[in-house]
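This one's a predicted model, so the numbers in the text were calculated from it and none came from an experiment.
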Amino acid sequence: WARFATPILAALVLVLAGVGGWQGWQWYQHRQQTAAAMAFMAVHRAAEVEGADLSAMAARFEGLTADAPEGYRILGLLRAAALKAETADRDGALALYDRVANDTAADPIYRDLASLMWVLRSMDTAEPAVLTARLAPLVRPDAPFSASARELAALVQIKAGQRDEARRALEALAGDVAAPPPLRGRAGRVAAELNS
C-alpha cells in the first residue's frame, strides 16, 4: 500500500474529477436546451397570436439562434425564414434558407428542407438552370423530400418550356405509390392539363 497508494489515489481523484466534469457538462447542456426550448415556445406562441407582428417575430426567432443549441438554432432559422417569406421579405427568407442549406453542422434533413424551400420561394425569379441545380441532390429516390423535389423539378421544366419532359415526370410522380397521395393527385391533374 505504501508503494502504490499515491498512484491509486491520484487515479481515483482523476476518475472522480472526470465523472464530476461529465455530470456538470450534462447538467449545463440540459439547462441550455431547456432554456432554448422555453424561449422558442414563447416566440412561437407570440407569433401564433392573431394580429402578431410577423416581421418582429421573425427577428425574434433569428435572435434566438445566436446562443441556442444546434437543433433550436436550425429550427429558429427555418421559422424566421418562413415568417419573412410570409411578410413578403423574400430576400431575407432566401438568405436564411441558404444559411441553413449551407450549414455543414446542420442535420442533412434540415439542409434539404431549406434547399427545397429556397427553390419554392425562387420559382418566379430564379433561372431554371439555377433551380434545377438546387433540386438535383433532392430528387434522388432515397432523399427525404424526393417527391416534393420531383414535383418542383417538373414545374421548373414547365417554366423552361420543356412541357413534354414535365408531363412525363408528373405522370411518373402521379403513379409513384411511395409519394404522398395529395402530391400524386396534384401531379396527375397538372399532367392532364399539359396533355390538353
Side-chain angles (χ1 to χ4, degrees), residues 40 43-44 47-48 52 54-55 57-58 61-62 65 70-196:
F40 184 90
V43 178
H44 173 72
E48 296 298 311
L54 298 183
S55 295
M57 295 299 110
F61 271 116
E62 199 171 352
T65 65
E70 184 62 26
Y72 284 105
R73 184 177 69 78
I74 298 301
L75 289 176
L77 289 172
L78 289 172
R79 189 73 170 104
L83 289 172
K84 284 177 182 281
E86 197 173 326
T87 58
D89 181 4
R90 190 184 67 80
D91 292 340
L94 293 180
L96 290 179
Y97 285 133
D98 246 348
R99 188 168 151 193
V100 174
N102 295 314
D103 185 345
T104 56
D107 190 297
I109 197 165
Y110 293 124
R111 296 175 65 197
D112 287 354
L113 176 61
S115 289
L116 191 71
M117 294 307 297
W118 188 94
V119 170
L120 182 64
R121 299 295 184 184
S122 300
M123 287 293 288
D124 295 336
T125 56
E127 292 296 316
V130 172
L131 298 171
T132 300
R134 291 293 293 249
L135 287 169
L138 306 178
V139 297
R140 299 181 330 266
D142 62 333
F145 302 106
S146 176
S148 296
R150 288 167 50 204
E151 180 184 31
L152 285 177
L155 296 177
V156 171
Q157 289 173 324
I158 293 170
K159 178 179 178 171
Q162 301 167 344
R163 293 174 61 88
D164 291 338
E165 293 88 340
R167 181 183 44 76
R168 285 192 293 274
L170 289 166
E171 286 171 348
L173 185 55
D176 184 354
V177 295
L183 193 149
R184 291 173 58 204
R186 191 168 55 241
R189 287 190 298 276
V190 176
E193 287 175 18
L194 289 173
N195 274 331
S196 58

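- Here the side chains of Val119 and Leu138 are not in contact, with every heavy-atom distance at 4.5 Å or above.
- Applying the side-chain contact (heavy atoms from CB on, under 4.5 Å) test between Leu135 and each of Leu116, Leu155, Val130 identifies Leu116 as the sole match.
- Of all heavy-atom pairs spanning Glu171 and Ala191, the tightest one is CG-CB, 3.7 Å.
- For the atom pair CZ (Arg99) and CG (Leu78), the distance works out to 11.0 Å, reported to the nearest 0.5 Å.
- Taking 4.5 Å as the limit, every side-chain heavy atom of Leu77 sits out of range of all side-chain heavy atoms of Phe61.
- Across every non-hydrogen atom of Glu62 and Thr65, the tightest pair is O-OG1, 2.6 Å.
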Side-chain donor-acceptor contacts of residues 107-114 below 3.5 Å, not counting sequence neighbours, with atom names and distances?
from   : atom 1 : to     : atom 2 : distance (Å)
Asp107 : OD1    : Ile109 : N      : 2.9
Arg111 : NE     : Ala101 : O      : 3.1
Arg111 : NE     : Asp103 : O      : 3.3
Arg111 : NH2    : Ala101 : O      : 3.4

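- Asp98 places a side-chain heavy atom less than 4.5 Å from the side chain of Arg134.
- Within 6.0 Å of CD in Glu70 there are more than 12 heavy atoms belonging to other residues, nucleotides or ligands.
- Listed here is the closest heavy atom pair of Ala93 and Ala81: CB-O, 3.3 Å.
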Inset, instruction - Please test His44 against Glu48 for side-chain contact (heavy atoms from CB on, under 4.5 Å), starting from the C-alpha separation and ending with a verdict. - result: CA-CA 6 Å; His44 173 72; Glu48 296 298 311; 3.7 Å; yes

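- Legend: salt bridge (Lys or Arg N to Asp or Glu O under 4.0 Å) pairs involving residues 173-182, not counting sequence neighbours, sorted by first then second residue: Arg150-Asp176.
- Under a 3.5 Å cut-off, the side chain of Lys159 and the backbone N or O of Pro128 do not form any donor-acceptor pair.
- Summarising the local packing, CG of Asp124 is surrounded by 12 or fewer heavy atoms from other residues, nucleotides or ligands at distances under 6.0 Å.
- Here CD1 of Ile158 is found 11.0 Å from CD of Glu165. Values are rounded to the nearest 0.5 Å.
- Annotation for Ser146 and Val139: closest pair OG-O, 3.3 Å, computed over non-hydrogen atoms.
- Checking side-chain atoms of Arg79 against main-chain N and O of Gly76 turns up no donor-acceptor pair under 3.5 Å.
- Counted by atom type alone, Thr125 and Arg90 present one or more donor-acceptor pairs between their side chains at under 3.5 Å.
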Inset, instruction - Show your reasoning for whether side-chain contact (heavy atoms from CB on, under 4.5 Å) applies to Asp89 and Ser55. - result: CA-CA 9 Å; Asp89 181 4; Ser55 295; over 6 Å; no

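- Atom CG of Leu152 and atom OG of Ser122 lie 10.5 Å apart (nearest 0.5 Å).
- Nearest heavy-atom pair, Ala179 versus Arg184, reported as atom, atom and distance to 0.1 Å: O-CD, 3.2 Å.
- Taking Arg186 as the reference, Glu151 meet the salt bridge (charged side-chain N to carboxylate O under 4.0 Å, His left out) condition, with sequence neighbours excluded.
- Residue Leu96 comes nearest to Ala80 through the heavy atom pair CD1-CB, 3.7 Å, listed as atom of the first residue, atom of the second, then distance.
- Leu54 CG to Lys84 NZ: the interatomic distance, rounded to the nearest 0.5 Å, is 12.0 Å.
- Distance check, rounded to the nearest 0.5 Å: CG of Leu170 to CZ of Arg168 gives 11.5 Å.
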